[in-house]
Amino acid sequence: MAFPSSPTAASYLLSRDNAFVSPIAALSSTPTRAESHRLFEEALRYIPGGVNSPVRAFRAVGGDPFFARRALGARVEDADRNVYIDYVCSWGPSILGHAHPEVVRAVQETALGGLSFGIPHGGEAELARKVREWVPGVERVRMVNSGTEATMTAIRLARGFTRRDKIIKFEGCYHGHVDSLLVKAGSGALTLGQPDSAGIPAALASLTIAVPFNDLAAVEAAFKANPHEVAAVIVEPLPANAGILPPREGFLQGLRQLCTEHGALLIFDEVMTGFRLAKGGAQQLFGVRPDLSTFGKVIGGGLPVGAIGGRNYIMEHLAPTGPVYQAGTLSGNPLAMAAGLAQLRVLERENGFAKLETLGAQLEAGVREALRSTGAPCSFYRYGSMFCLYFTTQPVWSLGDAKTSDLAKFTQFFWHLLDNGVYIAPSQFEAGFISLAHTEEDIEATVAAMAAALREMY
Ligand code: HOZ
């Protein structure tokens, strides 16, 4: 698989076509990853597990992770110069593709005026205004540095606002590595078999009630068993950290109703879905208005940003107007604001969500045909540009269903794809992401690689 020619940073900034569209040449042989291996050995000497986030370690699929040399458009190139069509997209943020020229330019130009101020600046309100314009449930926004910070702040705010301590969450949902929320968690915690992390005091974990996703009766029972004690229900409206769990018709509406009835806040964790599924995220797609929303990933254009937003009468409980303390030296960082604004501007101008839907539909049609022709016992889920293939025929509505997936088959599928130039997350319990830099040809090549993998496996 070829990377765009003339691989200098400048050439990507000059020519969008060069940067984002390149012909696909099949790999002539199985790629070798000697340099990645060397870099991993080196990293292991200094970094626990050799990685700065566990999901990167390839533990679930065996073997060493590849190391990135660079990532441009829909491609990532590894340290050995193997090139992959990338469906991880930095775990979601790169919705325009990697290093989009406008985003890079915005960062470069802003950097010339300073890297960090610790003083308010205009870019903060500009991005906050954009979030408020796009997302139905948001009147005020506080910028933070990651999705984890956003959800941590959201539950503190919910507790401070309601003066209650307990939180209801869903099994397999992942809300970052927040102490209170690393209970029956998804993503890397699930992948590594540590959904309840060590190091979290039992007294704190006991304030978190985990129930199965799509089970309204369980939520109702939890409210009844803890009268006037539940501060919030936090949910990924489209859980994408245990694969993808589609919400049943009426489930999110039911949560809204139960929260209102019981005086608890409804928090939508839109770190994955915000600015990806639709302009207004999952809350727009499913027509349910939460009290608080958390964001990350796409909102930062590839730089570390998170945000929490909601109705003003709740948000004003945050310091300095209210008693719930929250802070951050780097929050509202000028480069991050500039990158986020540039990314959202391009998404809007290019009618991004409609294009992503078209690419997603193409992938879905191809995968379904491959499943039909190979008879592979799988279920495929897709919402817009997010997708997941499970190696089970059981409909997947909950973590329990997701766990019926044949993980050995997933591993075979993963390595077949990687060795044929397609990179999906190295875990069954993650989602795939399409970007605007993916082309119809990329999707075609991906479907062909997936079909070949399934043919070999079944
Ligand atoms: N936040 C991502 C959700 N699946 C995983 C990225 C990470 O933990 O590094």
Side-chain angles (χ1 to χ4, degrees), residues 1-25 66 68-78 81-108 272 274-279 297-303 339-364 366 382-387 417-418 420-425 431-450:
M1 190 153 305
F3 221 70
S5 56
S6 314
T8 64
S11 69
Y12 293 112
L13 294 184
L14 286 176
S15 163
R16 180 150 198 269
D17 282 344
N18 276 348
F20 287 84
V21 183
S22 71
I24 295 164
F66 69 80
R69 177 168 177 265
R70 57 190 181 146
L72 297 162
R75 305 281 196 283
V76 60
E77 183 180 74
D78 73 13
R81 304 198 179 214
N82 303 305
V83 176
Y84 311 95
I85 304 177
D86 179 15
Y87 292 96
V88 180
C89 291
S90 184
W91 304 88
S94 306
I95 196 165
L96 306 179
H98 295 284
H100 188 283
E102 266 183 67
V103 178
V104 173
R105 198 175 301 121
V107 172
Q108 286 175 324
M272 311 271 273
F275 314 102
R276 175 166 283 281
L277 283 185
K279 258 181 112 168
K297 301 196 187 276
V298 170
I299 197 179
L303 268 67
L341 276 163
Q343 174 136 292
L344 297 188
R345 195 164 46 238
V346 176
L347 256 181
E348 188 168 34
R349 189 188 65 222
E350 299 202 352
N351 198 13
F353 300 106
K355 286 186 188 159
L356 289 168
E357 172 58 32
T358 304
L359 291 167
Q362 186 194 342
L363 180 74
E364 177 168 357
R382 177 191 71 88
Y383 286 78
S385 57
M386 297 169 71
F387 66 90
L417 291 188
L418 197 71
N420 287 278
V422 175
Y423 173 44
I424 60 168
F433 299 100
I434 302 170
S435 79
L436 280 182
H438 287 84
T439 60
E440 283 178 25
E441 292 75 23
D442 290 335
I443 303 283
E444 236 170 72
T446 302
V447 167
M450 288 180 169

Sole residue of Val447, Ile443, Ile434 in side chain to side chain contact (heavy atoms under 4.5 Å, CB included) with Gln362:
Ile443

Under a 3.5 Å distance rule, please check whether Arg276 uses its side chain to pair with a backbone N or O of Val298 as donor and acceptor.
no

Sorted by chain and residue number, the ring-ring contact (aromatic ring centres under 6.0 Å, His included) partners of Tyr423 (sequence neighbours excluded) come out as Phe66

Value rounded to 0.5 Å, distance of OG in Ser94 from NZ in Lys297
10.0 Å

Intermediate values then yes/no, side-chain contact (heavy atoms from CB on, under 4.5 Å), Leu417 and Met450
CA-CA 7 Å; Leu417 291 188; Met450 288 180 169; 3.8 Å; yes

For Leu359 and Glu440, work out which heavy atoms get closest and say how close.
CD2-N, 4.1 Å

Under 3.5 Å: donor-acceptor pair, side chain of Thr439, backbone of Asp442
yes

Between His438 (side chain only) and Asp86 (backbone N and O only), is there a donor and an acceptor less than 3.5 Å apart?
yes

If I take atom CD1 from residue Ile85 and atom CD1 from residue Ile424, how far apart are they, to the nearest 0.5 angstrom?
12.5 Å

For a quick test of reading the model, state the closest non-hydrogen atom pair linking Ala449 to Val422 and the distance between them.
CB-CG2, 4.0 Å

Between Met272 and Phe433, is there a side-chain heavy-atom distance shorter than 4.5 Å?
yes

How long is the straight-line distance from CG of Leu356 back to CG of Leu436, given to the nearest 0.5 Å?
4.0 Å

For a 4.5 angstrom cut-off between non-hydrogen side-chain atoms, does Leu277 reach Met386?
yes

Correct closest heavy-atom pair for Trp91 and Ala425 would be CZ3-CB, 3.8 Å

Salt-bridge present (Glu350, Arg345; N to O < 4.0 Å):
no

If we ignore hydrogens and angles and just use 3.5 Å, is the side chain of Arg70 paired with the main-chain N or O of Leu72 as donor and acceptor?
no

With a 3.5 Å distance limit and no angle check, can you tell me whether Ser435 reaches the backbone of Ala437 through a side-chain donor-acceptor pair?
yes

Sort out for me which residue in Val346, Leu344, Leu347 forms a side chain to side chain contact (heavy atoms under 4.5 Å, CB included) with Ile95.
Leu347

Which pair of heavy atoms, one from Leu303 and one from Ala339, lies closest together, and at what distance?
CD1-CB, 4.2 Å

Can you list the residues that meet the ring-ring contact (aromatic ring centres under 6.0 Å, His included) rule with Phe387, with sequence neighbours excluded?
Tyr87

Distance (rounded to the nearest 0.5 Å) between Tyr383 OH and Glu357 CD:
11.5 Å

Kindly indicate, with the supporting measurements, whether the criterion side-chain contact (heavy atoms from CB on, under 4.5 Å) is fulfilled by Leu96 and Val103.
CA-CA 9 Å; Leu96 306 179; Val103 178; 3.8 Å; yes

What residues, two or more places apart in sequence or in another chain, satisfy salt bridge (charged side-chain N to carboxylate O under 4.0 Å, His left out) together with Glu444?
none

